Amino acid sequence: MAPANPAHQDESIAMGDWRRLFLAFSPTGEPYTTKGDILSILSKNGIHKKDTRIQDLIEALEAYTPKEPIDFETFRSLAGRHVYLLQRAAQGGFIIPDFSGFTDHIAQIYQDLVSINTGDVARYIPQLARVDPKYLGISVCTVDGQTFDIGDTDVGFCVQSTCKPVTYCIALEDVGEDKVHAHVGREPSGQNFNAITLNSKNLPHNPMINAGSMVCASLIRPQQPLADRFDAILSVWQRLCGGVRPGFNSAVYHSEKETADRNFALAYFLKEVGAFPSGTDIHQTLDLYFQCCSIEVTTKAMATLAATFAGAGVCPMTGERVLSPESVKHGLSLMLSCGMYNFSGEFAFTVGLPAKSGISGVIMLVVPGVMGITIWSPRLDPLGNSVRGVAFCEKLVSLYNFHNFDGVGPASEKTDPRLQAHQEKRYLALSLILASSQGDLDEVKRLMARGASPDIPDYDGRTALHLAAAEGRQEVARYLCRLGANLDVRDRFGRTPREEAAASGITL
Ligand code: GLU
């Protein structure tokens, strides 16, 4: 089994594997590589020079010019503890093997989004109203730490409601599921995120709305001074973000606090009905809640956080388990059902992925087991979600089979970026053979449209046309012939599709 944090462990591999690895980094197959080749293969895989995991390798490579030959022994000593990472890069062994192909699509979606100018920035506090509506940043981080950033990915923004899944998970880790859910439900509310409404047990509907998040905040280290409580939360954020310490927007915090009549009203209402644990100081709780909303990050940092959720609590950049798989599972479940304000049901239906939206225009999107994506664009739709952010998510799942239920039923026509290119080809070819033998012309057409090759045979050397002809599937056989399938190729029993057609009595 692969070690939890491959890049940080010594790995002893056989000499033959070392040689193969070395040659995979050689530009010509001759026994040498170069710094340029090593960096370019890594970067095609989304492992960049700034990746904290490989800083010692990057420093060691500084001694070389880009094209200077590096021999086998030098390569071995340079690779050192990174051998496992290099091996996965060379073998296409990361979760997204064709990472540059995948990110080309993300860049294309980004370009399409730039021209969307509908929606408006949040205006309930001046600090948000002043944000430039033109900002657009998209960052991707896979569970293997492959990263891609495009647009305004270094500009800080407030996390706002995207703090809610984190606050919830910290509360789960601190006091356990039973205690947390003795104070907050797990149903969508069907109401605005700041609505003064409770469920039938007089509890907030779920932890993804203001009331629920306040209750979760109240459960985190209530006996400690406020500063320590916030510090503890911030340090979890830092670990979720791969070591990047998030900022804090003091102006937003003060502004939130000064204009928070609704949140105060909510907190008093919760107090009145006994929703908080006994002894809760609601002013401190509100303060902690405002502080969490005012945490500032970049899309880059938040994509790492989302990838940590995608990786069931293990941060891909440090290999550290920050949250338990159970807490993350609960967090993702509630993001799926309640994470996108009053659009949550629609989003779960169309996009089918857990996500959390914040009024600053950020969406943290999780493809479980695969990657985290953060999109930040401040223009909001009437429900409070980023217009371009939602458009991004919809486009993404129209291209890739990431929707929760894309795997249900017949093979989806969308691409699976987790497959290596050759696996995808093989999968298409075998599906084509099966569909042809069943005479399913529609499916054959779809598979051909996706690039299936009619001449890739199965292990008996039989092609789609062999099978269509042998089974008497005249329509499919004719269609394949018209698209150039070979009538005279022999399978391992020596038979051709032409002979099969004659035997089953179909005319081509
Ligand atoms: N700070 C905002 C509030 O409590 C959060 C808004 C949001 O992102 O949903 O009202």
Side-chain angles (χ1 to χ4, degrees), residues 119-131 135 156-168 184 188-197 204-218 230 233 237 246-270 282-297 299 302 305-306 331 334-335 337-344 347 355-365 374-387 389-390:
D120 194 9
V121 298
R123 298 212 173 269
Y124 73 97
I125 54 172
Q127 283 65 26
L128 291 180
R130 274 188 222 123
V131 173
Y135 280 131
F157 56 85
C158 282
V159 300
Q160 292 292 349
S161 274
T162 54
C163 70
K164 287 170 177 151
V166 178
T167 304
Y168 171 57
V184 58
S189 70
Q191 311 265 347
N192 277 347
F193 67 99
N194 59 1
I196 303 193
T197 171
H205 284 86
N206 67 69
M208 300 296 136
I209 54 174
N210 289 14
S213 194
M214 285 174 199
V215 166
C216 290
S218 77
F230 184 59
I233 291 176
W237 272 83
F248 178 72
N249 191 322
S250 184
V252 167
Y253 161 72
H254 285 292
S255 210
E256 289 280 350
K257 207 168 154 174
E258 277 150 28
T259 58
D261 294 345
R262 172 62 68 103
N263 283 327
F264 274 96
L266 256 177
Y268 277 104
F269 181 43
L270 291 173
I282 61 166
H283 287 273
Q284 291 225 346
T285 298
L286 274 167
D287 229 315
L288 193 57
Y289 169 78
F290 298 137
Q291 287 175 357
C292 290
C293 291
S294 310
I295 290 173
E296 201 171 73
V297 292
T299 56
M302 200 174 227
L305 181 146
L334 290 174
M335 284 164 70
S337 57
C338 316
M340 297 294 290
Y341 303 124
N342 276 356
F343 192 62
S344 299
F347 192 86
K356 185 72 197 87
S357 194
I359 209 91
S360 49
V362 56
I363 295 179
M364 155 190 171
L365 180 73
T374 295
I375 314 107
W376 174 55
S377 167
R379 286 181 191 272
L380 307 177
D381 63 22
L383 295 173
N385 294 309
S386 166
V387 175
V390 170

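Counting convention: from 1, in listed order, for ligands and their atoms alike. Note that the coordinates shown come from a computational prediction; the quantities given were computed from them, not determined experimentally.
Without hydrogens or angle criteria, D381 side chain to L383 main chain gives a donor-acceptor distance under 3.5 Å. The backbone N or O of S360 sits less than 3.5 Å from a side-chain atom of W376, completing a donor-acceptor pair. At least one donor-acceptor pair under 3.5 Å links the side chain of K356 to the backbone N or O of G339.
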Verify side-chain contact (heavy atoms from CB on, under 4.5 Å) between C292 and I233, making sure each step is shown before the conclusion. CA-CA 8 Å; C292 290; I233 291 176; 3.9 Å; yes
Evaluate side-chain hydrogen bond (donor to acceptor under 3.5 Å, both in side chains) for N194 paired with N263, printing each intermediate quantity in order. CA-CA 7 Å; N194 59 1; N263 283 327; 6.0 Å; no
Pairs under 3.5 Å, N/O atoms on ligand 1 and on the protein: can you put them in a table with the distances?
residue: ligand 1; atom: 1 (N); partner: Y124; partner atom: OH; Å: 3.3
residue: ligand 1; atom: 1 (N); partner: Q160; partner atom: OE1; Å: 2.7
residue: ligand 1; atom: 1 (N); partner: E256; partner atom: OE1; Å: 3.0
residue: ligand 1; atom: 1 (N); partner: E256; partner atom: OE2; Å: 3.1
residue: ligand 1; atom: 4 (O); partner: N210; partner atom: ND2; Å: 3.1
residue: ligand 1; atom: 4 (O); partner: N263; partner atom: ND2; Å: 3.0
residue: ligand 1; atom: 4 (O); partner: Y289; partner atom: OH; Å: 2.6
residue: ligand 1; atom: 8 (O); partner: S161; partner atom: N; Å: 2.9
residue: ligand 1; atom: 8 (O); partner: S161; partner atom: OG; Å: 3.0
residue: ligand 1; atom: 8 (O); partner: Y341; partner atom: OH; Å: 3.1
residue: ligand 1; atom: 8 (O); partner: I359; partner atom: N; Å: 2.8
residue: ligand 1; atom: 9 (O); partner: S161; partner atom: OG; Å: 2.5
residue: ligand 1; atom: 9 (O); partner: Y341; partner atom: OH; Å: 2.5
residue: ligand 1; atom: 10 (O); partner: N210; partner atom: ND2; Å: 3.3

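Ring centers of F248 and F230: under 6.0 Å apart, within the cut-off.
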